[in-house]
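Here is the structure we will look at, set down as C-alpha cells.
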Amino acid sequence: MKSYFLPLALISFLFLGQSCNQSMPSGAKEAEMMTQSRSSLKEEMTAADDLAEPEEPDALGDTLSDIAQNTEEYGKIIENPFLGAKDNPLSTFSIDVDNAAYSNVRRYLTQWNQLPPNGAVRLEEMINYFDYDYPQPTGEHPFSVNMELSQAPWAQEHQLLHIGLQGKDLNYDELKPSNLVFLIDCSGSMSNNNKLPLLKKGLKMLLSQLDDKDKVAIVAYAGAAGLVLPATPASQANKILSALDRLEAGGSTAGGQGIELAYKTAQEALIEGGNNRVILATDGDFNVGPSSSSDLLDLITEKRKLDIYLTICGFGMGNYKDDRMEQISNAGNGNYFYIDNEKEAQKVFVREMRANMFSIAKDVKIQIEFNPQWVKAYRLVGYENRLLKAEDFDDDTKDAGELGAGHTVTAIYEIIPQGSASTQKVTQQPALKYQDAPSIKNNSSDLMTLKLRYKPLDSDKSKLLEFNLNKEAAVEQTSDNFRFSAAVAAFGMLLRDSEFKGTANFDKVKNWALSAKGQDPNGDRAELVKLIQLAAQLKSNAAAKND
C-alpha cells in the first residue's frame with residue numbers, strides 16, 4: 001500500500017504524456033506544475049513519506065480525478081491590520097477551536113504536492129491544531145487563562161502577546177450521556193475513498209469510545225433526506241455498524257433537508273443535561289434544494305437555540321467547499337475539522353474525543369484593552385471572521401465560540417510598543433473636529449487588560465473574568481507554548497505570503513519550531529517541521545520555474 005504522496009511521480013508523467021488541459025488545483029495552471037526533477041522528487045518523498053496515511057489501492061485514481069476536476073472553494077481572507085491603540089484601544093473576538101485549516105494545508109502539501117491557496121490558510125486554525133502545555137484550572141471557572149509577552153521573532157521592534165486558555169479535563173467515569181445524530185452526506189460527490197469510506201472508518205472509531213448510556217442515530221441525505229437509524233443505544237454496536245455499512249454514495253445533495261431531519265431526530269431523543277450533538281460529515285457540496293449559503297446559515301442559527309451542538313467533519317478533495325463548511329460551523333455553536341486520512345480521523349474521534357464532543361463553556365468572548373501609554377499599535381493574528389464589535393462583549397445575546405473539555409485555545413497579538421523604531425504602516429482614525437483627541441497619559445503600568453466572558457452550559461447569563469499584564473519576558477525565558485505557536489503563525493504567514501511576515505523565512509521557522517518542540521507524544525509537532533521543509537522545497541521549485 002502506498003501513500004498519496006508516493007504516486008505523484010506517476011501523476012506527473014501521466015499528465016505530461018496526455019497533453020491534458022483540464023483545470024488544476026489553485027495555483028497550478030498547467031500539468032507541468034506537478035513535475036519535479038527525479039532528484040527533487042526523491043528528496044520530497046523522503047521528507048513527506050511519514051506524513052500521509054496508507055490508502056486503498058485505487059487512491060491514485062481518486063487523486064487523479066480530484067486534481068483534474070478541481071472545483072474547491074475558499075473564502076477570501078483580508079488580514080487584520082495594525083490599529084493605533086490611542087484611537088482603537090479595544091479588541092474583541094470570539095474564541096475559535098476549529099483546526100480544519102491545518103489538516104487541509106497538510107493535504108495540499110503532501111497529497112497534491114502543491115502550496116495551498118491563500119484562502120485555505122486560516123492562521124488561528126493552524127495555531128489551534130496543536131496542544132499546548134497550559135496548567136489545569138484550579139478555581140471555580142472551567143478553564144485557566146495564561147499570558148506571555150516577549151519579542152516577535154520576525155520583527156525585532158515588535159512584541160508578541162500570547163494568550164492561552166486551558167479547558168478543564170473531564171473524568172471519563174463522570175461523563176454525561178451522549179445523544180449523537182450522525183448526519184451523513186451520501187451524494188455522488190462522496191464516493192471516493194477519501195470521503196464516504198474514510199468517514200465510515202472514522203465513525204466506527206468514535207463508536208468504540210461510547211458506552212451503554214449513549215445513543216446514536218443516523219440520518220443520510222442525497223437528493224432527499226432519510227432516517228437510516230433511529231436513536232439506538234451504543235451497546236447495540238452491531239446494529240449501528242450494519243446501518244453504517246449499508247450507506248452508499250449516489251445522487252445529488254439536499255443539505256438543508258438533512259439538517260432539518262437531523263435536528264428533529266436529536267430533539268426527539270434529547271437527553272436533559274446530556275451531550276446532545278449533530279455530527280455533519282460532508283464535502284460541503286450543498287447544491288440542490290434549500291441550499292443557498294444564507295438559507296443554511298439562517299436554519300443553523302435558529303437550531304442552535306435548542307442547545308444541540310454541531311460538529312462538522314469535512315472530507316475529500318476536488319470539490320471541497322471549505323468556505324461553506326466554516327460559515328455553517330460558526331453559525332451553529334459548532335466546531336469544524338477536516339479529515340484527510342485515518343490518522344486524522346483517530347485524532348478527532350478518539351484521541352481528542354472529549355475535547356471535540358463535550359463542551360464545558362459556551363459563548364466565550366475575549367476583549368483586550370491596550371494601554372496607549374505603552375502600546376502604539378497592535379494586530380490580532382488570524383481570527384478575521386471571529387471579530388466582534390466592542391459592545392458585543394457585554395451583550396449576552398451575541399453568540400460566540402464554545403470550549404470543549406480539555407481543549408486549549410491560543411491567540412496571538414503582534415504589538416508595536418511606544419517608542420519603537422518600527423516603520424510598519426498603522427491604520428489611524430481621521431482627526432476629529434468637535435472633540436479632543438483621547439489622552440495617552442495615565443499612571444498605570446499595565447500594558448493591557450484582558451477581559452473574558454463565558455456562559456456556563458446551564459445558564460444564559462455570562463460570567464466575567466479580568467486579568468492584567470505589565471511585564472515582558474526575554475525570548476529565552478518564554479515557554480515552548482509561546483515559541484511554538486509563534487513558529488506556526490509565521491509558517492502560515494509564509495504560506496499566505498503575508499505582508500506581515502517580516503524577516504521570517506522557512507529555515508528560520510523550522511528552527512523556531514524545532515527549538516520549541518518539547519514533549520511531542522503523538523508526533524504532531526515533528527510533522528509540522530516536515531511540512532515546513534516540504535513547503536520550502538515547493539516554494540523553491542515554483543520560484544525556479546518562474547525564473
Side-chain angles (χ1 to χ4, degrees), residues 77 80 90-102 122-132 134-137 141-148 161-169 304 309-312 326-337 352 354-369 378-390 392-413 448-457 459-460 462-467 469 481 485 488-489 492:
I77 299 174
N80 293 325
L90 295 177
S91 175
T92 310
F93 66 99
S94 162
I95 69 161
D96 189 358
V97 296
D98 298 340
N99 57 43
Y102 177 83
R122 291 188 289 273
L123 299 185
E124 72 279 4
E125 293 186 20
M126 295 189 67
I127 292 168
N128 282 300
Y129 181 86
F130 300 92
D131 291 328
Y132 296 92
Y134 303 131
Q136 277 287 312
H141 303 291
F143 48 81
S144 65
V145 180
N146 309 273
M147 293 187 289
E148 288 186 78
L161 170 62
H162 175 107
I163 302 168
L165 307 184
Q166 173 65 62
K168 182 179 180 180
D169 282 334
R304 75 182 180 209
Y309 291 86
L310 178 69
T311 292
I312 298 183
E326 194 207 8
Q327 286 178 338
I328 292 171
S329 170
N330 290 347
N333 278 354
N335 43 13
Y336 169 37
F337 308 95
E352 298 179 357
R354 285 182 293 176
N356 297 333
M357 301 296 169
F358 292 87
S359 297
I360 58 174
K362 60 184 181 180
D363 292 337
V364 184
K365 309 171 191 174
I366 290 176
Q367 184 172 81
I368 294 181
E369 180 179 355
Y378 64 88
R379 66 177 295 264
L380 178 59
V381 178
Y383 289 91
E384 284 85 0
N385 61 359
R386 291 282 186 164
L387 299 179
L388 298 173
K389 297 177 182 178
D392 291 343
F393 182 74
D394 292 324
D395 185 350
D396 281 353
T397 67
K398 294 296 183 180
D399 182 62
E402 274 56 52
L403 183 66
H407 246 147
T408 61
V409 178
T410 299
I412 296 173
Y413 280 89
M448 46 77 69
T449 295
L450 182 151
K451 295 181 180 180
L452 186 147
R453 282 195 180 275
Y454 77 95
K455 295 175 186 173
L457 295 184
S459 175
D460 288 326
S462 67
K463 294 188 176 184
L464 175 65
L465 290 74
E466 186 171 319
F467 307 87
L469 181 69
N481 297 327
S485 64
V488 179

(message) Angle between ring planes, Tyr383 versus Phe93, binned at 30° and 60°: parallel, tilted or perpendicular?
(response)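 It falls in the tilted class, 30° to 60°.
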
Could you tell me whether the side chain of [Y] reaches within less than 4.5 Å of the side chain of [X], counting heavy atoms only?
X: Leu403; Y: Pro142; result: no
X: Asn128; Y: Val97; result: no
X: Leu380; Y: Leu387; result: yes
X: Glu384; Y: Arg122; result: no
X: Tyr309; Y: Leu457; result: yes

(request) Return the set of residues passing side chain to side chain donor-acceptor pair (under 3.5 Å) with Ser94 (not counting sequence neighbours), or none when no residue passes. (result) Arg386

About how many Å separate [atom2] of [Y] and [atom1] of [X], when rounded to the nearest 0.5 Å?
X: Asn99; Y: Asn335; atom1: CG; atom2: CG; answer: 8.5 Å
X: Leu450; Y: Glu466; atom1: CG; atom2: CD; answer: 9.0 Å
X: Leu165; Y: Thr410; atom1: CG; atom2: OG1; answer: 7.5 Å
X: Phe337; Y: Tyr102; atom1: CZ; atom2: OH; answer: 15.5 Å
X: His407; Y: Phe358; atom1: NE2; atom2: CZ; answer: 13.0 Å
X: Glu369; Y: Met448; atom1: CD; atom2: CE; answer: 9.5 Å

(message) Is it the case that the side chains of Ser91 and Tyr413 hold a donor-acceptor pair, with the cut-off being a distance below 3.5 Å and no angle test?
(response)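 Judged by distance alone, the side chains do pair up.
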
Nearest non-hydrogen partners of [X] and [Y], listed with the distance:
X: Ser462; Y: Asp396; value: OG-OD1, 2.7 Å
X: Leu90; Y: Ala390; value: CD1-CB, 3.9 Å
X: Thr311; Y: Asn356; value: OG1-O, 3.8 Å
X: Asp460; Y: Lys362; value: OD1-NZ, 3.5 Å
X: Ala489; Y: Ile127; value: CB-CD1, 3.9 Å
X: Asp363; Y: Glu402; value: N-OE2, 2.9 Å

(request) Only one of Thr449, Ile368, Leu161, Ile163 passes side chain to side chain contact (heavy atoms under 4.5 Å, CB included) with Leu469; say which it is. (result) Leu161

(request) Could you walk me through whether Gln166 and Asn146 pass the side chain to side chain donor-acceptor pair (under 3.5 Å) test, one step at a time? (result) CA-CA 8 Å; Gln166 173 65 62; Asn146 309 273; over 6 Å; no

(request) Give the C-alpha distance, both sets of side-chain angles, the deciding distance and a yes or no for salt bridge (charged side-chain N to carboxylate O under 4.0 Å, His left out) between Arg453 and Asp394. (result) CA-CA 8 Å; Arg453 282 195 180 275; Asp394 292 324; 3.0 Å; yes

(request) Determine whether more than 12 heavy atoms belonging to other residues, nucleotides or ligands lie under 6.0 Å from atom NZ of Lys455. (result)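 More than 12 within 6.0 Å, yes.
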
(message) Evaluate Lys389 against Lys398 for side chain to side chain contact (heavy atoms under 4.5 Å, CB included), listing each step before the verdict.
(response) CA-CA 10 Å; Lys389 297 177 182 178; Lys398 294 296 183 180; over 6 Å; no

(request) Kindly say whether the aromatic ring centers of Phe143 and Tyr134 come within a distance under 6.0 Å. (result) no

(request) Test side chain to side chain contact (heavy atoms under 4.5 Å, CB included) on Phe393 and Leu464 and set out the steps. (result) CA-CA 10 Å; Phe393 182 74; Leu464 175 65; 3.9 Å; yes

